[in-house]
Amino acid sequence: MTVAQVIDGVALSKQLRQQISDRVSQLKQQGITPGLAVLLVGDNAASQVYVRNKIKACEDTGFKSVLEQYPATLTEAELLQRVQALNQDLSIHGILVQLPLPEHIDGQKVIEAISPAKDVDGFHVASAGALMVGQPGFWPCTPYGCMKMLESIGYALRGKHAVVIGRSNIVGKPMALMLLQQHATVTICHSATADLGHMTRQADVLIAAVGKQNLVTADMVKPGAVVIDVGMNRNAEGKLCGDVDYEGVKHVAGWITPVPGGVGPMTITMLLMNTLEAAEHELPHA
Ligand code: NAD
């Protein structure tokens with residue numbers, strides 16, 4: 001029985017982080033240390049893990065990182081003030097506000113307060129607009145990581161049918177635009193799609209970004225397809241798993257990403273890449 005080739009997000013991240021680290025060294029020689037500020041409000045356990053991983057990745061690659069942690073009682077005005085101060089801070093090139101924020105804070109308003117030049121998460125409407133019209137700007141890290149995974153296997157998207165499951169502003173929609181920019185024919189599926197399997201079976205490239213364990217089963221996959229699993233779920237045993245039934249789908253797909261060890265590490269790597277590029281803009285020729 002054939003088994004799909006694995007796109008290893010850990011190995012690819014390691015390779016890319018080495019390249020990032022080399023570029024950081026070059027920047028430092030020119031007196032610039034890329035700096036990322038991460039703002040965390042409240043005590044969401046998952047957010048704390050994500051933030052810790054981001055800070056550690058910064059340290060490992062030679063970035064300056066600043067973690068600002070605030071209690072859930074922080075007001076929206078106070079948070080906006082911190083964002084404004086970081087916009088002015090010349091040692092900070094990227095600002096990341098960890099989502100979700102407590103309910104009394106309007107997350108989109110806070111994201112819009114970040115200078116687009118420091119919007120390394122790519123969530124600002126200016127970044128979204130730039131992606132939409134094909135202008136330079138920061139791409140959201142998770143779909144950007146998926147694109148790097150496709151690039152790593154030399155996959156040519158022109159003329160291929162890509163199906164994205166999920167239409168969120170941070171994954172599904174930007175993912176679809178990036179695939180379109182690379183000349184794929186793109187279909188977006190979501191919670192109101194009538195016959196998901198009918199759509200997914202047409203996919204040469206299938207991206208699952210929903211948050212439902214085993215949503216994509218082997219009978220929903222075209223033989224030889226590239227299957228990228230963005231989902232992050234906990235199974236009954238509490239173990240991390242994706243949206244794709246990996247054990248079943250790996251016998252149908254041509255390429256597959258595992259969870260863990262797939263898109264997850266790539267997301268942080270692309271955050272580093274965006275922050276590095278924000279810092280490189282300081283160079284005279286940039
Ligand atoms: P979201 O909840 O904002 O969006 C989920 C999308 O799935 C929605 O657009 C919805 O229409 C669609 N959907 C829901 N049920 C569906 C169904 N039965 N059939 C088809 N579509 C359906 O989530 P998100 O922020 O886009 O994240 C999606 C998943 O990706 C989550 O599991 C999240 O944890 C994960 N994620 C992973 C990373 C990473 O670094 N690996 C980063 C971001 C998000």
Side-chain angles (χ1 to χ4, degrees), residues 6-10 12-13 16-17 38 44-54 56-57 96-101 107-108 111 120-123 127-128 131 138-150 162-179 186-203 206-217 219-221 227-235 238-246 256-274:
V6 174
I7 310 178
D8 182 342
V10 176
L12 180 57
S13 283
L16 289 170
R17 286 187 200 190
V38 179
N44 181 306
S47 291
Q48 283 178 349
V49 174
Y50 297 150
V51 161
R52 223 180 300 135
N53 290 341
K54 288 168 188 173
K56 176 161 188 320
L96 184 155
V97 178
Q98 185 64 43
L99 301 175
L101 288 166
Q108 197 55 42
I111 299 299
V120 288
D121 247 345
F123 295 164
S127 303
L131 173 59
F138 294 115
W139 282 6
C141 304
T142 300
Y144 190 8
C146 295
M147 293 304 284
K148 281 282 171 195
M149 291 179 118
L150 288 169
V163 175
V164 180
I165 323 176
R167 56 171 161 184
S168 72
N169 289 335
I170 63 171
V171 189
K173 277 189 228 165
M175 183 79 253
L177 288 168
M178 289 173 200
L179 293 161
V186 181
T187 300
I188 306 178
C189 299
H190 46 78
S191 51
T193 297
D195 186 348
L196 186 62
H198 174 71
M199 307 310 293
T200 59
R201 273 188 289 276
Q202 299 172 41
L206 179 61
I207 317 258
V210 173
K212 284 203 171 101
Q213 187 191 347
N214 291 338
L215 178 79
V216 177
T217 48
D219 58 305
M220 295 166 72
V221 175
V227 178
I228 297 188
D229 192 353
V230 179
M232 280 205 303
N233 314 296
R234 295 272 165 200
N235 67 13
K239 277 173 64 182
L240 192 64
C241 65
D243 291 345
V244 174
D245 168 24
Y246 187 88
I256 192 166
T257 68
V259 179
V263 176
M266 291 300 294
T267 295
I268 298 190
T269 300
M270 301 329 289
L271 172 69
L272 296 173
M273 186 74 85
N274 279 348

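Positions are given from 1, in the same order as the sequence printed here. In each ligand, atom 1 is the first atom listed, and ligand 1 is the first ligand listed.
- Counting heavy atoms closer than 4.0 Å to ligand 1, residue Asp243 contributes nothing at all.
- Nearest protein heavy-atom neighbour of atom 25 (O) of ligand 1: Ile170 CD1, 3.6 Å.
- Closest of all the heavy-atom pairs between Ala208 and Val216 is CB-CG2, 4.1 Å.
- For Lys212, the side-chain hydrogen bond (donor to acceptor under 3.5 Å, both in side chains) test picks out no residue, with sequence neighbours left out.
- Taking atom 42 (C) of ligand 1 as the reference point, the nearest protein heavy-atom neighbour is Thr142 OG1, 3.1 Å.
- Checked by distance only, ligand 1 and Arg167 come closer than 3.5 Å through their nitrogen or oxygen atoms.
- For the residue pair Gly107 and Leu101, the shortest heavy atom distance occurs at CA-CD1, 3.7 Å.
- Ligand 1 does not have Gly172 within reach: every non-hydrogen atom of the residue lies 4.0 Å or more from it.
- At under 3.5 Å, not a single nitrogen or oxygen of Cys189, backbone or side chain, sits near a nitrogen or oxygen of ligand 1.
- Closest heavy-atom approach to atom 2 (O) of ligand 1 among the candidates Val210, Val230, Leu271: Val210.
- In terms of protein heavy-atom proximity, atom 20 (C) of ligand 1 is closest to His190 O, 3.2 Å.
- Side chain to side chain, Lys173 and Asn169 meet the donor-acceptor criterion of an N or O pair below 3.5 Å.
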